[in-house]
Protein chains: 2
Amino acid sequence: MELHEPELREVPVTAVLAALADDVRLQIVRALAEGGEYACGTFEFGVSKATRSHHLKVLREAGITRTRVAGTSRYVRLRREELERLYPGLLDAVLAAPARA
Amino acid sequence: MELHEPELREVPVTAVLAALADDVRLQIVRALAEGGEYACGTFEFGVSKATRSHHLKVLREAGITRTRVAGTSRYVRLRREELERLYPGLLDAVLAAPARA
DNA sequence: GAGGTTGTTCGACGGTTGTCGAACATGGGT
DNA sequence: ACCCATGTTCGACAACCGTCGAACAACCTC
């Protein structure tokens, strides 16, 4: 299983923004920003397994998260440094926003 | 003609991000960031009048731009200060990104 | 007021996206 | 070996989005 994790610089800005422009995915990003590394199953956001898997794929392919495989589990974490280097301030600005707007 | 220009704080973050997550709209924002105020017709991005009008509406309703009506023309400008106050760093991060990624 | 300019609105269309259940794949435990 | 737990993939479906031409609205100028 080769995970597709592109170089962030090769991802169009619009794709990064689109990946963040979803409520469920933003919840995931918020959780990752606070908690460090999470197993996929830890997330419980009122969506099915399939949907969660889909969202994590979008985040991964947008270069926002990195995934580590360990047994049957997958551990996800934010690519903070890379995001900060290429889009300084973006993540903080998004995270600083009120969760419910 | 009452233009719908919401308070930025009342717009969900996801709506702001979604508004920026489009190539045409990002071109508009880039132009506005450099040029100050533009008449709608000044934009020539290879889309029809109808499409351009649609994109300007999306930006306006996301709280990103403000529109001034003058005769048959409409002048559009960025709401930089408000954006900066609510999402510090976001606009700069997006604008700093390479136009073609 | 007739005509031209500037923009918006109205379907319509095709493509993309979020969602789900079900089926599948993989690895661990007993 | 079997079963269970964890995730992914596969249709399918509805909703949304970007796009266009055509029609409409408002205003300016002659």
Side-chain angles (χ1 to χ4, degrees), chain A residues 1-6 11-32 35 37-77, chain B residues 1-6 11-32 35 37-77:
Chain A
M1 168 62 79
E2 69 281 359
L3 290 180
H4 183 219
E5 290 186 345
V11 179
V13 196
T14 49
V16 176
L17 293 170
L20 294 172
D22 178 277
D23 262 315
V24 177
R25 289 196 291 267
L26 212 45
Q27 287 185 67
I28 296 178
V29 169
R30 283 185 209 282
L32 289 175
E37 201 175 48
Y38 274 78
C40 300
T42 329
F43 302 115
E44 199 50 66
F45 295 132
V47 294
S48 71
K49 276 196 309 177
T51 302
R52 180 186 57 199
S53 196
H54 163 69
H55 286 309
L56 289 171
K57 183 178 180 181
V58 172
L59 288 173
R60 189 179 63 241
E61 295 188 343
I64 295 175
T65 60
R66 206 171 279 286
T67 302
R68 181 172 62 88
V69 180
T72 71
S73 296
R74 278 137 192 261
Y75 293 91
V76 185
R77 65 184 187 282
Chain B
M1 168 60 82
E2 67 284 358
L3 289 179
H4 184 218
E5 290 187 345
V11 179
V13 197
T14 49
V16 176
L17 293 170
L20 295 171
D22 178 277
D23 262 315
V24 176
R25 288 196 291 266
L26 213 44
Q27 285 185 69
I28 297 178
V29 171
R30 282 184 210 284
L32 289 175
E37 200 176 47
Y38 275 78
C40 300
T42 329
F43 301 116
E44 199 49 69
F45 295 133
V47 294
S48 72
K49 275 196 308 178
T51 302
R52 180 187 58 200
S53 196
H54 163 69
H55 285 309
L56 289 171
K57 182 178 180 182
V58 172
L59 287 173
R60 188 179 64 242
E61 295 190 342
I64 295 176
T65 61
R66 205 171 282 282
T67 302
R68 181 172 62 88
V69 180
T72 69
S73 295
R74 277 138 191 260
Y75 293 90
V76 186
R77 64 184 188 282

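Hydrogens, waters and symmetry mates play no part in the numbers below; they use all other heavy atoms, side chains included. A, B, ... follow the sequence lines: proteins, then strands. Residue 1 opens every chain.
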Find the distance B:Arg60:CZ to C:dG7:P and express it as a whole number of Å.
13 Å
Show me the donor-acceptor pairs within less than 3.5 Å that the side chains of residues 38-52 of chain B make with the rest of the protein, sequence neighbours left out.
unit_1  : atom_1 : unit_2  : atom_2 : d
B:Thr42 : OG1    : B:Ala39 : N      : 3.3
B:Thr42 : OG1    : B:Ala39 : O      : 2.5
B:Ser48 : OG     : B:Ala50 : N      : 3.4
B:Ser48 : OG     : B:Thr51 : N      : 3.2
B:Ser48 : OG     : B:Thr51 : OG1    : 3.1
B:Arg52 : NH1    : B:Phe43 : O      : 3.3

Distance test, side-chain N/O of A:Ser53 to OP1/OP2 of D:dT9, below 4.0 Å
no
Would you compute the distance between atom CZ of B:Arg60 and atom NE2 of B:His55 and round it to the nearest 0.5 angstrom?
13.5 Å
Value in whole Å for how far the P atom of C:dG7 lies from CG of B:Leu59:
16 Å
Filter on side chain to side chain donor-acceptor pair (under 3.5 Å), then keep only pairs touching residues 61-70 of chain B, sequence neighbours left out; what's left?
B:Glu5-B:Arg66, B:Glu37-B:Arg68, B:Arg66-B:Glu82
With rounding to the nearest 0.5 angstrom, report the CG to CG distance, A:Asp22 to A:Leu59.
8.5 Å
In whole Å, what is the span from the CG atom of A:Leu56 to the C1' atom of D:dT9?
14 Å
Rounded off to whole Å, could you give me the CZ-to-C1' distance for the B:Arg74 and D:dC28 pair?
15 Å
What's the spacing between B:Leu56 CG and B:Leu32 CG if we round to 0.5 Å?
8.0 Å
Tell me the interatomic distance from B:Glu61, atom CD, to D:dC17, atom C1', rounded to whole angstroms.
14 Å
What does the B/S/- profile of nucleotides 13-30 of chain C look like, 5' to 3', with a 4.0 Å heavy-atom cutoff to protein?
-----SBBB----BB---
Atom CZ of B:Phe45 and atom C1' of D:dC20: how far apart are they, to the nearest Å?
18 Å
Write down the distance between NZ (A:Lys57) and P (D:dT6), rounded to a whole number of angstrom.
22 Å
In Å, rounded to the nearest 0.5 Å, how long is the span from CG of B:Leu17 to CG of A:Leu17?
6.0 Å
